[in-house]
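Everything below concerns the one structure shown next.
Letters go in sequence order (proteins before strands), and every chain restarts at 1. Note that the structure is a prediction, hence the values are computed from the model and not measured.
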Amino acid sequence: MYKITDKRYFSPKVVRLEVEAPDIARARKAGHFVIVICDEKGERIPLTIADADVKLGTISLVVQAVGASTEKICAMEPGDSFASLVGPLGKATRIARHEDGAVVCCGGGVGVAPLLPIIKAMKAAGNRVISILAARNKDLIILEDEVRAHSDETIIMTDDGSAGRKGLVTEGLETVLLNEQVSEVVTIGPAIMMKFVALLTKKYDVPTVASLNTIMVDGTGMCGACRVSVGGKMRFVCVDGPEFDAHQVDFDEMIKRMRAYD
Amino acid sequence: MTDNKNLTDRNAPWRAELRNKITAKERAVIPRAKMSQLDPAYRVKTLNEEVNCGLSTDQAVLEATRCLDCPTPTCMEGCPVSIEIPSFIKNIQRGRADLAAEVLRRTSALPAVCGRVCPQERQCESRCIYHKMKKEPVAIGYLERYAADTERSLRKMGLSAEPQPAVSNDIRVAVAGSGPAGLSFAGEMARRGFKVDVYEALHEIGGVLKYGIPEFRLPNEVVDAELDSLRKAGVVFHANTVIGKTLSYDDLLNEGFRGIFVASGAGLPRFMGIPGENLGGVMSSNEYLTRINLMGAGRPGYATPVAHGKRVAVVGGGNTAMDSVRTALRMGAEKAMIVYRRSEAEMPARVEEVEHAKEEGVEFLTLCNPVEYLGDEKGRVRAMRVQRMTLGEPDASGRRKPVAIPGAIDEIEIDEVIVSVGVSPNPLIPDNIDGLDVTERGTISVNENLRSSLATVFAGGDIVRGGATVILAMGDGRKAAASMAAQLLEE
């Protein structure tokens with residue numbers, strides 16, 4: 001169970017794994033995540049599902065090596081299996097058809113992976129979809145072809161200008177907001193990036209959804225490690241989210257909480 | 001082969017003989033057994049060694065002799081599942097702990113667990129006739145544990161028969177959740193010949209018995225032995241499966257399950273909603289205990305991190321609060337405190353857990369209610385402000401209500417807070433099964449037979465009760481099994 005069937009490197013620190021999980025492949029929707037444990041003594045790591053193949057019974061996970069556990073996962077090879085894998089968890093993305101304006105999907109770094117199924121679903125629902133992919137440099141832009149295939153327009157932003165336009169995701173987003181009617185913004189990426197996307201879209205009064213990637217243990221509502229303040233109320237990312245109204249999320253508190261075990 | 005009735009018949013010759021062997025007066029002068037336990041100084045340095053060491057056979061037989069074998073045993077009225085208490089005790093007295101265990105198993109799926117975690121002083125033992133004689137009650141909990149542990153040892157040595165799968169009736173039933181309610185249901189249905197599949201969201205089977213209750217109180221070995229027995233009786237366990245998510249209600253029906261028992265527990269920790277509760281270093285007892293008990297945090301080689309607070313405050317007065325504070329000591333806390341808004345007399349925890357905590361050096365700040373947590377520049381908790389309380393009139397729970405003393409607020413330096421003020425029902429299953437009625441509190445609505453608004457779905461344990469005990473959850477599992485079996489066999 002939970003065997004890796006394929007592995008691709010996006011960059012030396014970012015891999016895409018195809019993993020056998022037929023029940024999850026069948027049940028998952030855009031926005032859902034899974035929790036994996038790589039080996040017997042491993043920790044529970046939440047990962048958003050980037051894609052699924054119901055026929056093959058596999059799901060795609062994109063993992064960036066940022067700590068000991070994700071480094072171990074990135075070192076796993078086809079034929080290796082996760083000690084455990086559970087999902088699909090969280091609430092699925094609310095996919096609406098917007099008649100009056102575009103949907104802008106802003107992804108930063110590996111956040112593009114969980115954004116891809118949302119882009120696809122938004123497009124399939126008949127929306128005009130503009131995708132903005134942002135990363136520090138060209139090598140860290142992932143899934144560009146797949147995103148382009150399902151977007152009406154795709155904008156690449158890099159900090160160093162090595163691909164697309166030089167600048168932050170917010171700069172690309174502001175250009176779009178100034179030039180066309182936007183009905184909804186969806187953002188997934190580092191917390192600090194989502195915070196600034198939310199600040200910008202608040203200025204333009206555009207409804208914005210952020211998918212949060214807080215610390216979790218069980219992922220089913222039991223532990224509360226993932227709690228965030230949304231509109232002044234305590235919410236659990238695992239069962240109430242992972243997507244919330246970005247204008248209501250207390251990102252500063254969330255960023256501090258994410259450093260709890262640093 | 002001993003016939004069934006003989007084990008519980010008060011008038012059976014063997015039992016009458018035991019009664020006549022020694023007078024009630026002689027019995028009553030025997031002092032209550034003291035269970036040996038690990039030395040407090042030693043045990044706080046070990047994370048997983050069980051504090052209570054169990055009774056020796058001599059101790060158990062002597063304690064069983066104390067029981068007067070009352071013709072109308074009031075102790076049984078104090079037991080939520082009406083265990084035949086004098087009958088199992090008298091089987092111990094005649095040297096047949098294995099038969100005592102058999103008696104226990106007729107009403108309790110997990111006697112080795114209940115012997116350890118039931119609040120006996122408020123249940124069976126509170127009704128013991130000895131109270132009327134101003135004497136200490138028979139140590140029913142100790143004896144239950146003794147019988148169950150002896151049975152386990154005998155099985156391990158091959159001296160006692162393992163359960164066998166019953167003749168199958170080929171009717172499939174599914175269980176969501178592998179805690180005490182789910183396990184008890186599974187055992188009861190397997191015994192009746194149903195094919196039982198138990199689905200657990202976590203990667204380990206056992207629910208709260210594994211993630212919640214620490215090994216120093218309930219060793220995993222005890223739970224694993226019960227799981228093995230269930231497997232041998234034909235129960236199939238599936239970890240990593242969230243009913244309502246991985247498999248939908250319709251998936252289960254399509255798989256051929258004709259009944260579903262929801263025993264998903266009270267999975268949502270409550271917080272108090274006071275300023276600073278989201279600071280780093282403030283967490284629920286569920287999070288703290290899960291990291292350590294289930295994930296192995298703090299043990300060599302395990303990847304899950306956990307805070308090692310030096311000054312730890314645990315908020316609450318229940319068993320989970322005691323488990324958390326004693327775990328914190330074992331994780332190296334220099335100062336571990338219980339902060340509780342009422343007085344010690346109102347604490348819901350088992351008396352023994354409170355005693356053990358005190359022996360281990362836990363400080364009790366009673367009549368103290370946290371009102372705010374203060375953080376440092378990094379967003380980590382550094383202190384708590386507590387409101388001193390006094391006891392007023394009794395409230396709805398019958399306990400005297402804590403009332404704030406105006407202006408009596410103290411600041412206490414701490415670096416970790418574990419919030420253990422109760423749990424709410426987990427919304428995962430109610431949210432994901434259409435047509436399942438829930439109450440205002442979010443618990444699943446059931447009728448007196450524990451059947452929900454859907455004819456095929458029954459529910460029990462904390463998802464119905466909102467936060468209760470292992471024994472009540474187990475009792476629900478048993479009751480739901482009886483109702484579901486009757487319904488399915490009638491169809």
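- Using a 4.5 Å cut-off between heavy atoms, B/Val282 touches chain A through backbone and side chain atoms alike.
- In this structure, chain A has a heavy atom under 4.5 Å from the backbone of B/Leu279, while its side chain stays farther away.
- The contact between B/Thr246 and chain A is made by backbone and side chain atoms together, counting heavy-atom distances below 4.5 Å.
- Counting heavy-atom pairs closer than 4.5 Å to chain B, the top-ranked of the candidates A/Ala21, A/Ala260, A/Ala83, A/Gly87 is A/Gly87.
- Only the side chain of B/Leu428 comes within less than 4.5 Å of a heavy atom of chain A; its backbone N, CA, C and O stay farther away.
- Per-residue heavy-atom pair counts under 4.5 Å with chain B were compared for A/Met258, A/Lys233, A/Met234, and the maximum is reached by A/Met234.
- Most heavy-atom pairs under 4.5 Å with chain B, from the set A/Lys41, A/Glu43, A/Arg257, A/Arg28: that is A/Lys41.
- Taking CZ of A/Phe10 as the reference point, atom CG of A/Leu143 lies at 4.0 Å (rounded to 0.5 Å).
- Contact count against chain A (heavy-atom pairs under 4.5 Å) is highest for B/Thr304 among B/Leu247, B/Thr304, B/Val242.
- Interface remark: of the candidates B/Gly280, B/Gly379, B/Pro269, B/Pro269 forms the most heavy-atom pairs closer than 4.5 Å to chain A.
- Using a 4.0 Å cut-off between a side-chain N of Lys or Arg and a carboxylate O of Asp or Glu, B/Arg382 and B/Asp415 do not qualify as a salt bridge.
- Of the two parts of B/Pro300, only the backbone, made up of N, CA, C and O, holds a non-hydrogen atom closer than 4.5 Å to a non-hydrogen atom of chain A.
- Between A/Ser60 and A/Glu18, the side chains place a donor N or O and an acceptor N or O closer than 3.5 Å (distance only, hydrogens not considered).
- Formation of a donor-acceptor pair under 3.5 Å by the B/Arg299 side chain with backbone atoms of B/Ile292 is found in this model.
- Interface remark: B/Asn278 contributes backbone and side-chain atoms alike to the contact with chain A (heavy atom separation under 4.5 Å).
- The only option from B/Glu200, B/Glu204, B/His203 that meets the side chain to side chain donor-acceptor pair (under 3.5 Å) definition with B/Lys210 turns out to be B/Glu204.
- Between the side chain of A/Arg235 and the main chain of A/Ser229, no donor-acceptor pair closer than 3.5 Å is present.
- Proximity to chain A is limited to the backbone of B/Thr241, based on heavy atoms less than 4.5 angstrom apart.
- Only the side chain of B/Asp251 comes within contact range of chain A, judged by heavy atoms closer than 4.5 Å.
- No side-chain N or O of B/Tyr211 forms a donor-acceptor pair with one of B/Arg291 less than 3.5 Å apart.
- Ring orientation note: the planes of B/Tyr199 and B/His238 are close to parallel, at an angle under 30° on the 30°/60° scale.
- When the candidates B/Asn240, B/Val423, B/Leu202 are compared by the number of heavy-atom contacts under 4.5 Å with chain A, B/Asn240 comes out ahead.
- Chosen from A/Ile24, A/Leu85, A/Ile45, the residue pairing most often with chain B at heavy-atom distances under 4.5 Å is A/Leu85.
- Checked for salt-bridge contact, A/Asp218 and A/Arg44 miss the test: no charged N lies under 4.0 Å from a carboxylate O.
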